[in-house]
2 protein chains.
Amino acid sequence: MGAITAREAKPTINDVAREAGVSKKTVSRVINRSPLLNDATREKVEKVIAALGYVPNPQARALALRRNFLIGLIHDNPNAQTVLNVQEGILSAIRDTEFALVVRPVNRRSPRMLDDVRAFLEQQRLFGVLLMPPISENDELARVCEELGVGYVRMGSAQLDSGEHLVESNDREAVRKAMEYLVALGHRRIAFVAGPEGFRSARERELGYRDAVKAAGLPQGPELEAAGNYTFETGKLAGDKLLDATERPTAIYSCNDEMAAGVLHAARERGLSVPDDLSIVGFDDSPIAAHIWPPLTTVRWPVAAMARTAALKLIDPGHASGQPALFPSIFIERGSAAPPRR
Amino acid sequence: MGAITAREAKPTINDVAREAGVSKKTVSRVINRSPLLNDATREKVEKVIAALGYVPNPQARALALRRNFLIGLIHDNPNAQTVLNVQEGILSAIRDTEFALVVRPVNRRSPRMLDDVRAFLEQQRLFGVLLMPPISENDELARVCEELGVGYVRMGSAQLDSGEHLVESNDREAVRKAMEYLVALGHRRIAFVAGPEGFRSARERELGYRDAVKAAGLPQGPELEAAGNYTFETGKLAGDKLLDATERPTAIYSCNDEMAAGVLHAARERGLSVPDDLSIVGFDDSPIAAHIWPPLTTVRWPVAAMARTAALKLIDPGHASGQPALFPSIFIERGSAAPPRR
DNA sequence: TTGTACGCGTTATCAG
DNA sequence: CTGATAACGCGTACAA
């Protein structure tokens, strides 16, 4: 007992003002940390606020300020862990602020996608949104945000937008380095499992592969390439194709970890030992990477850090608004790659 | 051009009222589909709304109605796919409504957890929240919601609360059935990897194991049991312990898929073939289940459907408020279980 | 440094 | 069936 029984009318700014014997504007100043305020009155008001358990009503604030404190995450990423990492990153940025995170998955393939997002933004009037890959690569979507006056920041693996609207990773270089690792182990015949068409990240990773192939003068050709769309199943199919080729590769680079797991699956079905008969390297460092056997050598995509920075850009435009914030990926050496046999 | 250039003042209810030559209350009635309204005036107003591209301001509505249209998801589940499935379930329930989903992960182990949630709820004044396992098992948390007047629904694997506040799965029975499957295959020596202390789901699953052991008169004892906390690593450790026992089990039941993957890992390290030398069965049907080799026989936990129903209960209390909504789990037969050798 | 009067966009009351 | 008027809780001019 003794505690404030919520349920009945929460105290408002007026209650605080009355109780403290000041005007509500003064209370408002206390809440908003106005600098021109007598320390004595501030303390007095703060005491009353604590006693009453007063918490400003965000809806009223939103109305008066004509902006709310909701930031949205718009995504259509198939990888659950990636999405959750992004959510974590955003939340770490808005912790101890009055912002909250609203999630909004969309269907990239739906013809109504843009209209859906538009309706969502018009209805909810968010403070701003974060666009995560691959939907972040859609320029029309960015234009809709612009048009509706909703702040936005895009996460991408290429320079999709101007600095204030972008947080970037360099997938191309990361893949090139991973490939150089395989080359250093002695591999020459390295195959590639591509990501889905229309994914900028997939394209960048492919370019990294090609860079390395060219630089090291490795063999190339259709027998050493397979399509995929970031799922385990397509990875398995790609593995089937690549491993049944007349001249089998000694290593396979896969555009993401899920597909790498599929390739591993295909190898195992053929009685191939990984990494002795076949080296496999992935991308993302998703949890699956550490959970399969052997643990997957891969590239960690610092998606949570990117999301955090993106959120900071959104809520505090002053925050390093200049540069595009480039996040390097990190190579993670585990057990799925080794020198080729013999 | 010609389209409404957002950016400049969006039309308000007043603009619509003026343009349509009615009072704003009438416009409000149109928006809220008041039944007592002349069809002619309704159509007239709707036409103006369309022409102006008017969209009601949710902040103003929230202030006037003294309730907003945000529902929160409070979770501390370590499994990304599970969390995302829950988000999907909720979103499918609120699609085409004015509700939006706010996510709020919490740290179960933090001593400030309750205070954090309380502060969050007081600040955001959500319409209601969904509590997902394992945090949903915390009765104090439910009490905080009650106290703050925030609607809540808990997802659980046991009867944690009254019908209006609960959506339930029957893990105990599901595990018992999975165990009966192993017994039918001819297994007698079946070990068990437990979930973390304090997880109701873990407890229920353990009870299902014990039910089956007792019913079939199987051997039991400390050598056939290992602790775990739902992570891959603890599953690996449990596998280490169980497989190094003097008399090795022919099958291991693991409380969730992640740990089952760990057990598989331990088996492989010992050169054991799964399922020939060892059968493994898990719980959840998380994506990892289908992605490891051999694909994991498991129990599908219908978490998205549960979340959907939970959300419906929240936003429409009339919706089947009576019964607790019990969701059966489904046994998924894949490749990780077979008759014991010899 | 503090207070007064008014506006933010919507809904509720109650009279017509 | 419709409309004037007052909330809802907070922020901002502008004045004191």
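Proteins get letters first, then strands, A, B, ... in listed order; numbering begins at 1 in each. Side chains included, hydrogens not; waters and symmetry mates left out as well; all remaining heavy atoms used.
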Find the distance [X]:[atom1] to [N]:[atom2] and express it as a whole number of Å.
X     : N      : atom1 : atom2 : result
A:K10 : D:dC8  : NZ    : P     : 16 Å
B:L52 : C:dG9  : CG    : P     : 14 Å
B:Q59 : D:dC8  : CD    : C1'   : 14 Å
A:R66 : C:dT10 : CZ    : C1'   : 15 Å
B:N57 : C:dG9  : CG    : P     : 7 Å
A:R33 : C:dT1  : CZ    : P     : 18 Å
A:R67 : D:dT12 : CZ    : C1'   : 15 Å
A:N68 : D:dG9  : CG    : C1'   : 16 Å

Please pick, from [options], the nucleotide with the shortest atom-to-atom distance to any side-chain atom of [X].
X     : options               : value
A:I13 : D:dG11, C:dC8, D:dC8  : D:dG11
A:A60 : C:dG9, D:dC10, C:dT11 : D:dC10
A:T12 : D:dC8, D:dG11, D:dC10 : D:dC10

For the side chain of [X] and the backbone of [Y], is there at least one donor-acceptor N/O pair under 3.5 Å apart?
X      : Y      : result
B:K313 : B:G163 : yes
A:E19  : A:V48  : no
B:Q124 : A:E98  : yes

When B:R125 and B:P35 are each assigned the nearest nucleotide of DNA chain D, the 5'-most assignment goes to B:P35

Any chance you could measure [X], atom [atom1], to [Y], atom [atom2], to the nearest 0.5 Å?
X      : Y      : atom1 : atom2 : value
B:M306 : B:I90  : CE    : CD1   : 11.5 Å
B:F69  : B:L101 : CZ    : CG    : 16.0 Å
B:D139 : B:R154 : CG    : CZ    : 4.5 Å
B:R29  : B:T41  : CZ    : OG1   : 9.5 Å

Could I get a table of every N or O pair under 3.5 Å where one atom is in the protein and the other is in nucleotides 3-7 of chain C?
residue	atom	partner	partner atom	Å
C:dG3	OP2	A:S23	N	3.0
C:dG3	OP2	A:S23	OG	3.2
C:dG3	OP2	A:T26	OG1	2.5
C:dG3	O6	A:R29	NH2	3.1

Double-helix bend of the helix from C:dT1-D:dA16 to C:dG16-D:dC1, axes at both ends from 5 pairs, round to 10°, gives 30°

inquiry  = Heavy atoms only, 4.0 Å cut-off, all strands: where does A:L65 land among base, sugar-phosphate and nothing?
reply    = sugar-phosphate

Q. Heavy atoms under 4.0 Å, any strand shown: does B:T41 hit a base, just sugar-phosphate, or nothing?
A. sugar-phosphate

Examine [N]: is either OP1 or OP2 under 4.0 Å from a nitrogen or oxygen in the side chain of [X]? Give yes or no.
X     : N      : value
A:N32 : D:dG11 : yes
A:S28 : D:dC10 : no
A:R61 : D:dG9  : no

Checking B:P133, B:S136, B:P134, B:P105 against B:D76 for side chain to side chain contact (heavy atoms under 4.5 Å, CB included), the one that qualifies is B:P134

Do B:R61 and B:N32 pair up side chain to side chain, a donor and an acceptor below 3.5 Å, judged on atom types alone? yes

- [ ] Could you check whether the rings of B:F127 and B:F99 sit parallel, tilted or perpendicular, using 30° and 60° as the cut-offs?
- [x] perpendicular

